[in-house]
Trainee: 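Okay, here's the structure, questions in a sec.
Just so you know, residue 1 is the first one in the sequence shown, and it goes up from there. Note that the coordinates shown come from a computational prediction; the quantities given were computed from them, not determined experimentally.
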Amino acid sequence: MADAPSSATVSALPPSAASSPPRVYAIANQKGGVGKTTTAINLATALAAVGQKVLLIDLDPQGNASTGLGVDISARGTGTYELLCGFAQLPQAIAATRIPNLEVVPASVNLAGAELELIDLENREFRLRDALEGKLSHWDVLLIDCPPSLGLLTVNALAAAEAVLVPLQCEFFALEGLGQLTRTIERVRRALNPKLYIDGVVLTMMDRRNTLAQQVERDVRGHFADVVFGTTIPRNVRVSEAPSHGLPVLLYDHTCTGSQAYILLASELLHRRRNGVPARPQAA
C-alpha cells in the first residue's frame with residue numbers, strides 16, 4: 001500500500017502514562033468517510049456511560065457530531081466558531097445533550113469560514129488551546145472531532161490535545177495519506193506541542209467476511225503493532241442509521257455489534273490511560 005509510514009514514525013504511548021485528568025484527544029484523519037465522527041460520537045457516549053465526564057468539541061464545519069448528538073441547528077448560536085475567534089468563553093459555548101455526563105461544543109455553518117479568519121489572528125495555531133486552558137477541571141475526557149483535512153482547524157486541535165486517535169477504514173487505500181498525517185503530527189509535536197503523541201489507530205467499518213479487509217487489518221497491525229487498538233469497529237447498519245435519529249448508536253440500539261464494539265473501545269482506551277500499556281480485548 002502506498003505512502004505507508006514505518007512503525008518507528010509514531011509512538012503508541014507517552015514517555016510516562018501517569019497523567020492527571022482531563023485527557024484531551026484529537027480524533028483526526030484527513031480522509032473523509034473513515035468513521036471519524038461516528039467514532040467521536042459513540043466513543044464519547046460509551047465513556048459517559050461508564051461514568052466519565054466527557055466534553056466533545058465539534059471542530060468540523062459540517063457539524064455532524066452535533067447533529068449525531070441531537071443538538072438542533074437552532075441551538076448552535078454559540079459554539080466552536082465563537083470560541084476560536086474569541087467571541088465567547090468556553091462555558092457560553094457548551095450545549096447539553098440527552099446523555100448524562102456528556103456535553104458538546106457544537107459547530108455551526110460559521111465555522112466554515114474560520115480557517116480564513118484565523119490566518120490574521122494572533123496565535124492562530126493556539127486559539128483552541130488558549131480557549132480551553134484552565135477551564136477543564138469539570139471533565140475527565142475531552143474529544144475533539146477534527147475536519148477531514150490537515151488545515152488550521154486540525155492544527156488547532158493537535159496543538160490543544162495531548163493524544164491523537166486515528167480512525168482508519170478497512171479498505172485497500174487504508175494507509176494512503178496516513179504517512180502525511182503522521183508527519184503533520186510530528187511537525188506539530190516539534191514546533192507547537194511537544195507532549196503530543198498518537199494514542200492509537202482504530203480500525204473501522206470492518207467486515208470479516210471480506211478477505212481484503214482481513215488483509216488490510218494484517219497490514220496495518222504489521223506496520224503499527226500495538227499502536228493499533230485490539231478492538232475493531234464492524235460495518236453495521238444500525239451504526240449508519242443512528243445519526244438520522246439524532247442518537248448515538250448506543251442509545252439507538254445498545255445490543256447491536258456496533259454498540260458493543262464502541263463499549264469495548266472505551267474500555268480499552270481507559271485501560272491504556274490507567275496502565276500505560278495497550279489492552280487487547282477480543283475484537284468485535
Side-chain angles (χ1 to χ4, degrees), residues 1-5 25-44 56-69 71 73 76 79-81 84 104-116 118 128 143-158 161 164-185 188 198 200-207 210 212-213 216-217 219-220 224 228-229 232-244 246 248-249 258 261-262 265:
M1 283 183 269
D3 199 24
Y25 297 91
I27 301 180
N29 191 325
Q30 79 275 19
K31 289 177 67 66
V34 299
K36 177 180 57 59
T37 297
T38 299
T39 295
I41 293 168
N42 291 295
L43 179 58
L56 174 59
I57 299 176
D58 190 350
L59 209 60
D60 187 342
Q62 298 176 86
N64 290 335
S66 306
T67 301
L69 288 173
V71 181
I73 293 176
R76 303 182 200 177
T80 45
Y81 170 78
L84 288 171
V104 61
V105 179
S108 68
V109 292
N110 293 332
L111 191 59
E115 296 227 35
L116 292 176
L118 288 173
L128 182 60
L143 301 177
I144 307 172
D145 184 31
C146 298
S149 72
L150 296 178
L152 200 47
L153 290 175
T154 297
V155 170
N156 261 266
L158 297 177
V164 185
L165 302 177
V166 184
L168 197 67
Q169 185 177 355
C170 290
E171 61 165 12
F172 181 72
F173 296 112
L175 293 182
E176 187 179 80
L178 189 55
Q180 183 182 357
L181 175 62
T182 55
R183 286 191 294 272
T184 297
I185 292 169
V188 170
I198 293 183
V201 175
V202 183
L203 295 173
T204 64
M205 304 183 195
M206 180 67 184
D207 184 351
N210 187 316
L212 179 59
V216 168
E217 179 180 16
D219 289 347
V220 173
F224 296 109
V228 185
F229 282 94
T232 61
I233 308 301
R235 187 177 293 277
N236 180 249
V237 67
R238 305 298 274 177
V239 173
S240 302
E241 291 172 352
S244 66
V249 71
Y262 279 112
L265 180 63

Trainee: Below 4.5 Å, heavy atoms only, C-beta onward: do V228 and L168 meet side chain to side chain?
Mentor: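 The answer is no; the side chains never approach within 4.5 Å.
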Trainee: For the residue pair A242 and P248, what are the closest heavy atoms and their distance?
Mentor: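 In this case the closest contact between A242 and P248 is CB-C, 4.0 Å.
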Trainee: Can you name the residues that form a side chain to side chain contact (heavy atoms under 4.5 Å, CB included) with V164, not counting sequence neighbours?
Mentor: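 For V164 the side chain to side chain contact (heavy atoms under 4.5 Å, CB included) partners, ignoring immediate neighbours, are A28, L158, V166, I185, L196, I198.
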Trainee: Partners of N210 by side chain to side chain donor-acceptor pair (under 3.5 Å), sequence neighbours excluded?
Mentor: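 None.
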Trainee: Quick one: CG on L84 to CG on L59, what's the gap to the nearest 0.5 Å?
Mentor: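 The CG atom of L84 sits 6.0 Å away from the CG atom of L59.
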Trainee: Does Q169 have any side chain to side chain contact (heavy atoms under 4.5 Å, CB included) partners at least two apart in sequence or in another chain, and if so, which?
Mentor: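 With sequence neighbours excluded, Q169 shows a side chain to side chain contact (heavy atoms under 4.5 Å, CB included) to V34, E171, T204, M205, R235, given in chain and number order.
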Trainee: Measuring from atom CD of E217 to atom CE of M206, what distance do you get when rounded to the nearest 0.5 angstrom?
Mentor: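 E217 atom CD to M206 atom CE measures 4.5 Å (nearest 0.5 Å).
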Trainee: Would you confirm whether S66, through its side chain, and A107, through its main-chain N or O, come within 3.5 Å as a donor-acceptor pair?
Mentor: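 Yes.
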Trainee: Under the rule for side chain to side chain contact (heavy atoms under 4.5 Å, CB included), what residues qualify as partners of S108, not counting sequence neighbours?
Mentor: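 Side chain to side chain contact (heavy atoms under 4.5 Å, CB included) check on S108 returns R76, N110.
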Trainee: Do you know which two heavy atoms are closest between A40 and L143, and how far apart they sit?
Mentor: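 So the two residues come closest at O-CD1, 3.8 Å.
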Trainee: Looking at residues at least two apart in the chain, or sitting in another chain, which of them share a salt bridge (charged side-chain N to carboxylate O under 4.0 Å, His left out) with D58?
Mentor: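 Expected list: none.
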Trainee: Side chain to side chain contact (heavy atoms under 4.5 Å, CB included) with N236: which residues, sequence neighbours excluded?
Mentor: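 Partners of N236 under the side chain to side chain contact (heavy atoms under 4.5 Å, CB included) test: R238, V239, C256, T257.
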Trainee: Can you list every salt bridge (charged side-chain N to carboxylate O under 4.0 Å, His left out) pair that touches residues 30-44, not counting sequence neighbours?
Mentor: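 Output for this query lists K36-D60, K36-D145.
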Trainee: Got a list of side-chain donor-acceptor pairs under 3.5 Å for residues 148-157, not counting sequence neighbours?
Mentor:
from	atom 1	to	atom 2	distance (Å)
T154	OG1	S149	O	2.8
N156	OD1	R127	N	3.0
N156	OD1	L128	N	3.0
N156	ND2	R124	O	2.8
N156	ND2	L152	O	3.0

Trainee: Give me the atom names and distance for the closest heavy-atom approach of N29 to P167.
Mentor: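 Heavy atoms only, the tightest pair is ND2-O, 2.8 Å.
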Trainee: For F229, which of L203, L165, V201 qualifies under side-chain contact (heavy atoms from CB on, under 4.5 Å)?
Mentor: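 Answer to the side-chain contact (heavy atoms from CB on, under 4.5 Å) test with F229 among L203, L165, V201: L165.
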Trainee: Quick one: CG on L43 to OG1 on T38, what's the gap to the nearest 0.5 Å?
Mentor: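 Reported to 0.5 Å precision, the distance equals 12.0 Å.
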Trainee: Does CG belonging to L212 count more than 12 external heavy atoms closer than 6.0 Å?
Mentor: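 Correct, the count exceeds 12.
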Trainee: Ignoring hydrogens, what is the shortest heavy-atom contact between L111 and P61? Give both atom names and the distance.
Mentor: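 Residues L111 and P61, closest heavy atoms: CD2-N, 3.8 Å.
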Trainee: Among residues at least two apart in sequence or on other chains, which ones pass side chain to side chain donor-acceptor pair (under 3.5 Å) with Y25?
Mentor: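 Side chain to side chain donor-acceptor pair (under 3.5 Å) list for Y25, sorted by chain: empty.
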Trainee: So which heavy atom on V249 is nearest to which on G258, and how close?
Mentor: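 V249 and G258 have their closest heavy atoms at CG1-C, 4.4 Å.
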